[in-house]
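Nothing here was measured: the structure is a model prediction, and the numbers come from that model. Here is how names work: the chains are called A, B, and so on, in the same order as the sequence lines, proteins then strands, and each is numbered from 1.
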Number of protein chains: 2
Amino acid sequence: MNVTSIVLVDDHQVVVDGLEAFLNPHFSILGKARNGKDAIQMVKILKPDVLLMDIDMPVMNGMVAAKEIRSSMPEVKIIILSLHYEKSIIRHLIQIGVMGYLIKSSSKEEVVNAIETVASGSPYFSSDVTVALSTPDVPTDTRLAPQNAKLLSQLTAREIEILKAVGEGLSSKEIAKALHISDRTVDTHRNNIMKKLEVNKVVGLIKFAIKCGLVE
Amino acid sequence: MNVTSIVLVDDHQVVVDGLEAFLNPHFSILGKARNGKDAIQMVKILKPDVLLMDIDMPVMNGMVAAKEIRSSMPEVKIIILSLHYEKSIIRHLIQIGVMGYLIKSSSKEEVVNAIETVASGSPYFSSDVTVALSTPDVPTDTRLAPQNAKLLSQLTAREIEILKAVGEGLSSKEIAKALHISDRTVDTHRNNIMKKLEVNKVVGLIKFAIKCGLVE
DNA sequence: AAATTATTTAGACTAAATTCAAATAACGCT
DNA sequence: AGCGTTATTTGAATTTAGTCTAAATAATTT
């Protein structure tokens, strides 16, 4: 088998040169690019075994380039070399089909090891990446949106009580009975609430109550 | 430096014996256990460098044992050897602080490599694990509950159209105008929908519409 | 052709919401 | 203690919306 050929892509010259310095006798560096756009061109012409690429780059970032290369040249194995620990980005790239993911703090040995592993057809992911992915997702919808919190805070205790009851599907009369007040009172409260929340339909109240977790 | 010492834990004798067979000249196998409980005892007495353990085991499973060992003997490096791809389990174990995670389909070489990496102080996670973790979480609330799907399916197209409009806060009259039909018709549809969904309040309709993702 | 289901409508009735107007209670402020 | 503000409460008259019953027409299925 031939020596593994590589294209290096990073917008910082020192990084590319440094990588080249310690990869050079062992691997064949076919080319070096400074952004995703150039990387695509270079890969098409040079057809390397492995593409070692950064994410943050001007003109075209590594994620876009990786996607394009995956679809047009699936035989090229992509290794991402990044500072990013952000889960969504890592996930996206793995879903796109990159074969490896290294953090820039990786040792020379790890980079060499990753390239060899990937060149042989197996994926290689830095353990930092795995650990980063292991933190559970925060469900976005459980959090109370700031503007809702603000609106909610300007309701009085009684109003919140009534809003909750409305959200639970009780009519003015039922609420009145439950709270031992007149149903006119309940209506007034409800109208005041609607003014404060700037909604003009009961549905708006119900939706707001749901959003704030007052019901269901 | 001394040869790395290991304790093997798996409820299947063949697996333990098989592992021992190819690890033996290279590493020092101090002991073999069949469940988590025995593993804890054995680790306390033998103090191995590395504990290679399954998850699914009788008496006490590997997760519980890993947690216990992590808190009582943090210097012992734990590698999980499992069939599990389940994200929540993998995550939990990484959060507990296991240093490695291998899938049972791993090659001999990978197992040896993992043990060496972990013994030297670096984590080692099989790439299958990383890929498994890279799939985005499905927020539980976005999924349509089966009973809601069933109820929704027994509504007619027209009824769904009206349900949606109700959920958006339109009154019967407004819906009537929008659909170029009489408001009586809208009422009838709404009542039929309520019968089908077994709710007796408009709020029920709105909540159902939200649950089914028809609105908002 | 007959039976079901879907869509449409009306009238009489009932319930609910809106508007306008205002009283009482509570709270902080000077 | 007196003032202003806000919260909570209520009523009457008015307007709007929703329910119930009943039924016709269109579309589909059997």
Side-chain angles (χ1 to χ4, degrees), chain A residues 147-212 214-216, chain B residues 144 147-216:
Chain A
Q147 70 270 29
N148 288 338
K150 195 180 164 189
L151 286 171
L152 189 66
S153 72
Q154 66 194 48
L155 296 183
T156 68
R158 196 59 157 177
E159 285 170 344
I160 289 177
E161 198 171 9
I162 278 152
L163 172 59
K164 203 172 156 183
V166 170
E168 269 156 6
L170 302 178
S171 67
S172 295
K173 208 171 277 184
E174 289 170 317
I175 299 170
K177 202 184 283 174
L179 300 183
H180 304 295
I181 54 176
S182 154
D183 49 346
R184 301 296 110 215
T185 314
V186 177
D187 283 346
T188 307
H189 280 308
R190 208 202 18 247
N191 284 324
N192 290 336
I193 297 167
M194 291 205 278
K195 277 198 194 83
K196 285 184 182 177
L197 301 184
E198 294 173 63
V199 301
N200 50 353
K201 293 271 159 50
V202 188
V203 209
L205 292 185
I206 295 166
K207 285 182 182 174
F208 183 83
I210 292 173
K211 269 186 217 143
C212 292
L214 294 176
V215 292
E216 210 196 356
Chain B
L144 184 54
Q147 70 269 28
N148 288 339
K150 195 181 163 189
L151 286 170
L152 190 65
S153 73
Q154 65 194 48
L155 296 183
T156 68
R158 196 59 157 176
E159 286 169 341
I160 290 176
E161 196 170 11
I162 279 152
L163 173 58
K164 203 171 157 185
V166 170
E168 269 156 7
L170 301 179
S171 68
S172 295
K173 207 170 276 181
E174 289 170 317
I175 299 169
K177 203 183 284 174
L179 300 183
H180 305 292
I181 55 176
S182 151
D183 49 346
R184 302 294 112 208
T185 313
V186 176
D187 285 345
T188 306
H189 280 308
R190 207 199 22 241
N191 285 324
N192 290 336
I193 297 167
M194 292 206 276
K195 278 198 193 83
K196 284 184 182 177
L197 301 183
E198 294 172 62
V199 301
N200 50 353
K201 294 269 161 49
V202 188
V203 207
L205 291 185
I206 295 165
K207 286 182 181 174
F208 183 84
I210 292 172
K211 271 186 217 145
C212 292
L214 294 174
V215 289
E216 208 197 1

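Looking at heavy-atom distances under 4.0 Å, B:Thr185 makes contact with a base. In this structure, B:Asp183 reaches neither bases nor backbone, as no heavy-atom distance under 4.0 Å exists between it and the strands shown.
Between B:Lys173 and D:dT16 there is no side-chain N or O to OP1 or OP2 distance below 4.0 Å. In this structure, B:Ser172 reaches the D:dG18 phosphate: one of its side-chain N or O atoms is under 4.0 Å from OP1 or OP2.
The side chain of A:Met194 approaches C:dT18 more closely than any other nucleotide in the set C:dT9, D:dT10, C:dT18. In this structure, the nucleotide among D:dG11, C:dT7, C:dA17 sitting nearest to the side chain of B:Arg158 is C:dT7. Distances were taken from every side-chain heavy atom of B:Ile181 (C-beta onward) to each of C:dA6, D:dA17, C:dT9; the shortest belongs to C:dT9.
At whole-Å resolution of the value, CZ in A:Arg190 and P in D:dT8 are 16 Å apart. Summarising the geometry, the separation between NZ on A:Lys201 and C1' on C:dA16 is reported as 15 Å, rounded to the nearest angstrom. A:Lys195 has its NZ atom 13 Å from the P atom of D:dA7, to the nearest Å. As rounded to whole Å, 19 Å separates atom P of D:dA23 from atom NE2 of B:His189. Remark: C1' of C:dA17 and CD of B:Glu174 are 14 Å apart, rounded to the nearest angstrom. Between the P atom of D:dA17 and the CG atom of B:Asn191 lies a distance of 16 Å, rounded to the nearest Å. When rounded to the nearest whole Å, the span between CG of B:Asp187 and C1' of C:dT7 equals 14 Å. Following rounding to the nearest Å, A:Asn192 (CG) and D:dT9 (P) show an atom-to-atom distance of 12 Å.
Checking side-chain atoms of B:Lys196 against main-chain N and O of B:Leu155 turns up no donor-acceptor pair under 3.5 Å. Under the 3.5 Å distance criterion, the side-chain polar atoms of B:Lys207 are matched with a main-chain donor or acceptor of A:Gly167.
For B:Arg184 against D:dT19, a side-chain N or O and a base N or O form a donor-acceptor pair under 3.5 Å.
Nearer the 5' end of DNA chain C, as judged by each residue's closest nucleotide, is the contact made by B:Leu179, out of A:Val202 and B:Leu179. With the nearest nucleotide of DNA chain D identified for both A:Lys196 and A:Thr188, A:Lys196 has the one nearer the 5' end.
Between A:Glu161 and A:Lys164 there is no salt bridge, since no side-chain N of the basic residue sits under 4.0 Å from a carboxylate O of the acidic one.
Put simply, the side chain of A:Ile206 does not reach to within 4.5 Å of the side chain of A:Val215, judged on heavy atoms.
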Determine, stepwise, if the pair A:Glu168 / B:Val203 fulfils side-chain contact (heavy atoms from CB on, under 4.5 Å).
CA-CA 7 Å; A:Glu168 269 156 6; B:Val203 207; over 6 Å; no
